[in-house]
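Below: one structure, written as structure tokens.
Only heavy atoms go into these numbers, but all of them, side chains included; no hydrogens, no water, no symmetry mates.
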Amino acid sequence: MGTIVQRHSGRRTIDLASGVRWERLTPHQDAQVDFLEVVYAPYGRSTDSRSPIRHEGREYQLVLTGTLHADIGFETYVLEAGDSLAFDAAAPHQYRNMTEEEVRVISVVVHAQ
């Protein structure tokens, strides 16, 4: 059996130009699910283009710290620590940190089969 534990110090990360860092929470890539801790720098956004994206599957977000603005379809939701959301990722969506404080989120994307 392969490694099942992902140590904090060994997380694989991607830093986006938009002020967001993705930290993979699994020791190996999983074709069915992305399980991430996402860190939004002050005024960071989920996309470089500042435009909503869409993709197949379901998306789940849990805000750990800070305040996150989630634009889903035509609605904007302001999420505080402890708030979560779940939606069909085919809806146009983007996330924004509109504050001077870092925002930390657990993100799970379940890809369509």
Side-chain angles (χ1 to χ4, degrees):
M1 176 180 249
T3 302
I4 62 171
V5 174
Q6 176 60 61
R7 302 286 179 201
H8 182 266
S9 62
R11 287 183 187 171
R12 302 279 312 260
T13 64
I14 297 174
D15 289 304
L16 304 178
S18 61
V20 175
R21 182 175 67 246
W22 295 346
E23 299 182 6
R24 190 167 68 196
L25 298 175
T26 55
H28 306 287
Q29 184 171 348
D30 184 328
Q32 297 174 330
V33 176
D34 290 321
F35 182 38
L36 307 167
E37 182 168 354
V38 183
V39 181
Y40 294 84
Y43 304 103
R45 296 174 157 274
S46 57
T47 64
D48 292 342
S49 67
R50 298 180 175 256
S51 298
I53 61 166
R54 44 193 322 179
H55 52 87
E56 294 184 18
R58 299 261 324 150
E59 195 157 322
Y60 304 87
Q61 305 288 324
L62 168 64
V63 177
L64 299 175
T65 63
T67 301
L68 185 71
H69 287 72
D71 302 322
I72 314 293
F74 293 103
E75 301 295 325
T76 297
Y77 303 92
V78 179
L79 304 172
E80 303 285 341
D83 293 343
S84 59
L85 56 80
F87 65 97
D88 182 340
H93 59 281
Q94 68 175 332
Y95 305 106
R96 301 173 287 126
N97 176 1
M98 304 302 292
T99 74
E100 294 186 9
E101 304 296 324
E102 182 179 86
V103 176
R104 298 181 88 75
V105 175
I106 296 297
S107 174
V108 177
V109 178
V110 179
H111 301 287
Q113 298 296 331

Counting N and O atoms only, with roles assigned by atom type, does the side chain of [X] sit under 3.5 Å from a partner on the main chain of [Y], one being a donor and the other an acceptor?
X: Thr47; Y: Pro52; result: no
X: Arg54; Y: Ala90; result: yes
X: Asp15; Y: Arg21; result: no
X: Asn97; Y: Ala41; result: yes
X: His69; Y: Tyr77; result: no
X: Thr26; Y: His28; result: yes

Over all heavy atoms of both residues, which pair between [X] and [Y] is shortest? Give the atoms and the distance, please.
X: Ala81; Y: Leu64; value: CB-O, 3.4 Å
X: Leu68; Y: Val105; value: CD2-CG2, 3.9 Å
X: Arg11; Y: Arg24; value: CG-O, 3.6 Å
X: Ser107; Y: Gln61; value: OG-NE2, 2.9 Å
X: Val5; Y: Pro27; value: O-CB, 3.8 Å
X: Val103; Y: Val63; value: CG1-CG1, 4.5 Å

Does [X] share a hydrophobic cluster with [Y], counting links as ILVMFWY side-chain heavy atoms below 4.5 Å and allowing steps through other members?
X: Val20; Y: Met98; answer: no
X: Val38; Y: Val108; answer: no
X: Tyr40; Y: Leu85; answer: yes
X: Val33; Y: Tyr60; answer: yes
X: Phe74; Y: Phe87; answer: no

[atom2] on [Y] to [atom1] on [X], rounded to 0.5 Å:
X: Ser18; Y: Arg45; atom1: OG; atom2: CZ; value: 9.0 Å
X: Ser46; Y: Ile53; atom1: OG; atom2: CD1; value: 6.0 Å
X: Asp34; Y: Glu59; atom1: CG; atom2: CD; value: 9.0 Å

* Do other residues, nucleotides or ligands put more than 12 heavy atoms under 6.0 Å from Glu80 CD? ->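 For Glu80, atom CD is crowded (more than 12 foreign heavy atoms under 6.0 Å).
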
* To do: Any chance you could lay out the side-chain contact (heavy atoms from CB on, under 4.5 Å) test for Leu79 and Tyr95, step after step, and finish with the verdict?
  => CA-CA 10 Å; Leu79 304 172; Tyr95 305 106; 5.8 Å; no

* Can you find a pair of side-chain heavy atoms, one from His93 and one from Asp71, that are under 4.5 Å apart? -> no

* To do: For Tyr43, enumerate each residue passing the ring pair (Phe, Tyr, Trp, His ring centres under 6.0 Å) test, keeping only those at least two apart in sequence or located in another chain.
  => none

* Kindly indicate, with the supporting measurements, whether the criterion side-chain contact (heavy atoms from CB on, under 4.5 Å) is fulfilled by Arg96 and Thr76. => CA-CA 10 Å; Arg96 301 173 287 126; Thr76 297; 3.7 Å; yes

* To do: For the pair Val109 and His111, evaluate side-chain contact (heavy atoms from CB on, under 4.5 Å) and give the outcome as yes or no after the intermediate values.
  => CA-CA 6 Å; Val109 178; His111 301 287; 3.9 Å; yes

* Asked: Can Leu25 and Gln6 be said to form a side-chain contact (heavy atoms from CB on, under 4.5 Å), step by step?
  -> CA-CA 6 Å; Leu25 298 175; Gln6 176 60 61; 5.6 Å; no

